[in-house]
Protein chains: 2
Amino acid sequence: MKVRRSNRLVDMTRYLLEHPRTLVSLKFFSERYGSAKSSISEDLSIVKHTFETWGEGQLKTIPGASGGAVLTPFYSKENAERAIANLVREVNDDSRFLPGGYVYLSDLIGRPDVLHQVGQLIATQYVDQDVDVVMTVETKGIPIAQAAAMYMNKPFVIVRNSSHITEGPTVSVNYVSGSVKRIKKMELSRRTLSAGANVVIVDDFLKGGGTLNGMHSLIKEFDANLVGMTVLAEGTANGKRLVDNCTSLVKVDAEDGDQKTINARPGNFMETVFGKEN
Amino acid sequence: MKVRRSNRLVDMTRYLLEHPRTLVSLKFFSERYGSAKSSISEDLSIVKHTFETWGEGQLKTIPGASGGAVLTPFYSKENAERAIANLVREVNDDSRFLPGGYVYLSDLIGRPDVLHQVGQLIATQYVDQDVDVVMTVETKGIPIAQAAAMYMNKPFVIVRNSSHITEGPTVSVNYVSGSVKRIKKMELSRRTLSAGANVVIVDDFLKGGGTLNGMHSLIKEFDANLVGMTVLAEGTANGKRLVDNCTSLVKVDAEDGDQKTINARPGNFMETVFGKEN
């Protein structure tokens with residue numbers, strides 16, 4: 001079967017998007033479409049040009065016999081700004097107010113359109129870094145971790161709050177839950193993380209930072225390395241925060257006065273990722 | 001700006017994949033690319049033909065002034081069979097053996113390549129049905145729910161095992177956990193599910209069926225409708241199972257004799273979705 005360029009471009013785009021940050025060889029595409037490697041190379045430069053034009057990522061082409069292409073999805077500054085503004089607009093809604101300075105976000109972390117943006121934003125932040133695994137803690141961090149992991153094409157691991165028979169042997173640490181000042185325990189299946197692995201921590205909400213701090217301790221127990229920490233939303237800490245260097249997509253205050261109001265604005269993502277002038 | 005066909009095809013494919021099961025208007029694409037609607041229509045028939053050829057889904061084009069296109073990703077029978085065979089191969093590994101007839105699957109549900117396949121398989125099963133929301137219970141069902149929800153472009157909701165301040169008001173039910181015969185409680189945030197909503201339940205592992213049964217009770221409490229239930233893996237029930245009509249991608253026995261072995265084979269997915277002759 002010989003496939004025409006227009007059909008190749010459609011299928012190639014789909015295939016590359018399903019295998020981001022993975023070297024797909026010229027040979028693979030050439031056999032898949034019954035086309036010469038030179039034609040495939042031309043196709044790839046069209047794909048490359050298109051992703052750059054729309055600010056959706058970069059296609060790196062590797063020349064030579066064992067060459068191919070790697071698609072790395074990420075946002076241009078303009079697209080990132082638009083995605084952050086969308087998130088702020090979604091969060092900025094007084095009906096999200098919950099007692100105690102908390103904010104209702106469960107609907108957002110279950111919406112595919114929101115998760116696409118959150119995932120691509122986090123992938124953008126770590127685009128130039130060597131990441132082996134994304135880590136989060138159950139429950140509401142999971143969708144954030146999965147969304148980021150899909151765009152980065154790296155596995156994600158879920159830290160549990162209590163023992164589960166279905167995890168096999170685990171390693172656990174104690175941590176201070178910042179918001180309630182209680183000692184809690186978190187644990188991770190022994191076989192999910194290797195020594196020396198480069199780990200990005202993500203979560204849905206940062207308040208005191210106790211949970212993020214606990215995950216950092218866990219990373220040390222596994223002799224792994226922390227690359228960075230990113231949360232969907234950063235609330236107001238009561239007292240000193242237990243982590244610094246955490247990136248947030250959105251900042252939000254929940255004010256518990258007569259008027260229960262939510263005030264959302266961009267977090268420090270744009271400064272952190274695109275530099276000070278933002 | 002006028003964009004050439006080859007570039008339009010690449011960007012259009014990316015855009016449609018990020019907005020599956022959504023009507024994207026001819027007008028939108030025509031403005032995005034500075035191209036005539038007639039050219040866009042020709043582009044769309046190329047996209048349509050390509051997805052059909054590779055068995056990756058269907059593009060429905062809606063003619064007329066308010067027309068456009070809807071991309072519905074799903075697997076052809078051949079692709080579904082290949083994806084199921086891949087999953088069986090991954091699960092069929094004695095090192096997954098855990099005491100008590102359980103199977104270690106946490107690594108698989110954290111792998112983007114596996115989740116892409118699981119998500120597209122579940123989307124294939126419900127392709128002709130009216131689904132409003134995907135439901136799962138914490139913790140390990142979440143990645144399955146999210147993967148399916150991304151391909152179906154529907155929200156997913158997470159049933160919790162205990163009360164959480166960040167969920168706001170909730171509705172709860174008691175259920176019998178099939179494997180340990182204990183009465184447990186599960187609950188769902190009141191604002192996540194509307195009366196009359198059509199719900200697909202997914203989970204990672206089916207043993208006794210107590211958890212799935214509990215979610216079904218919860219759906220009734222919300223006056224919502226159950227469309228179907230699908231699990232990644234079905235184990236061996238000790239005694240009578242509490243649900244029937246559950247679809248499984250993989251069936252797996254964990255035999256706890258002298259030799260602790262895992263025996264994985266295809267679940268009932270292919271019969272359920274593509275008919276009896278499988």
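When all heavy atoms of L98(A) and G168(B) are compared, the closest pair comes out as CD2-CA, 3.7 Å. Nearest heavy-atom pair across P112(A) and A149(B) is CG-O, 3.5 Å.
At a 4.5 Å heavy-atom cutoff, Q117(A) makes no contact with chain B through either its backbone or its side chain. S6(B) touches chain A through backbone and side chain together, each having a heavy atom under 4.5 Å away. Residue S45(A): no heavy atom, backbone or side chain, is found under 4.5 Å from chain B. Residue Y151(A) touches chain B through its side chain alone, counting heavy-atom pairs closer than 4.5 Å. Contact of V157(A) with chain B is not made at all, since no heavy-atom distance falls under 4.5 Å. Interface remark: A147(A) contributes backbone and side-chain atoms alike to the contact with chain B (heavy atom separation under 4.5 Å). Neither the backbone nor the side chain of F205(B) comes within contact range of chain A; no heavy atom of the residue lies under 4.5 Å from a heavy atom of that chain. Heavy atoms closer than 4.5 Å to chain B are found in both the backbone and the side chain of I46(A).
Listed options V134(A), L115(A), D113(A) were ranked by heavy-atom pairs under 4.5 angstrom with chain B; first place goes to L115(A). In terms of non-hydrogen atom pairs under 4.5 Å with chain B, the most contact-rich of E18(A), H19(A), R4(A) is E18(A). Taking R14(A), R5(A), M12(A) one by one and counting their heavy-atom pairs under 4.5 Å with chain B, the maximum is reached by R14(A). Put simply, of H49(A), K140(A), K154(A), R8(A), the one with the most heavy-atom pairs under 4.5 Å next to chain B is K140(A).
For the 3.5 Å distance criterion, the side chains of N7(A) and T50(B) qualify, holding a donor opposite an acceptor.
Contact of the Y15(B) side chain with the E56(A) side chain is not registered, since no non-hydrogen atoms from C-beta on lie closer than 4.5 Å. With contacts defined as side-chain heavy-atom distances shorter than 4.5 Å, the pair R191(A)/S106(B) does not qualify. At least one side-chain heavy atom of H116(A) sits less than 4.5 Å from a side-chain heavy atom of M150(B). Counting heavy atoms from C-beta outward, P143(A) and I142(B) have side chains that approach closer than 4.5 Å. Between I109(A) and F156(B), every side-chain heavy-atom pair lies at or beyond the 4.5 Å cut-off.
Under a 3.5 Å cut-off, the side chain of E138(A) and the backbone N or O of T139(B) do not form any donor-acceptor pair.
For NZ of K260(A), the number of neighbouring non-hydrogen atoms (other residues, nucleotides, ligands) closer than 6.0 Å is greater than 12.
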L17(A) vs L17(B), side-chain contact (heavy atoms from CB on, under 4.5 Å): CA-CA, chis, key distance, verdict: CA-CA 9 Å; L17(A) 281 168; L17(B) 281 168; 4.0 Å; yes
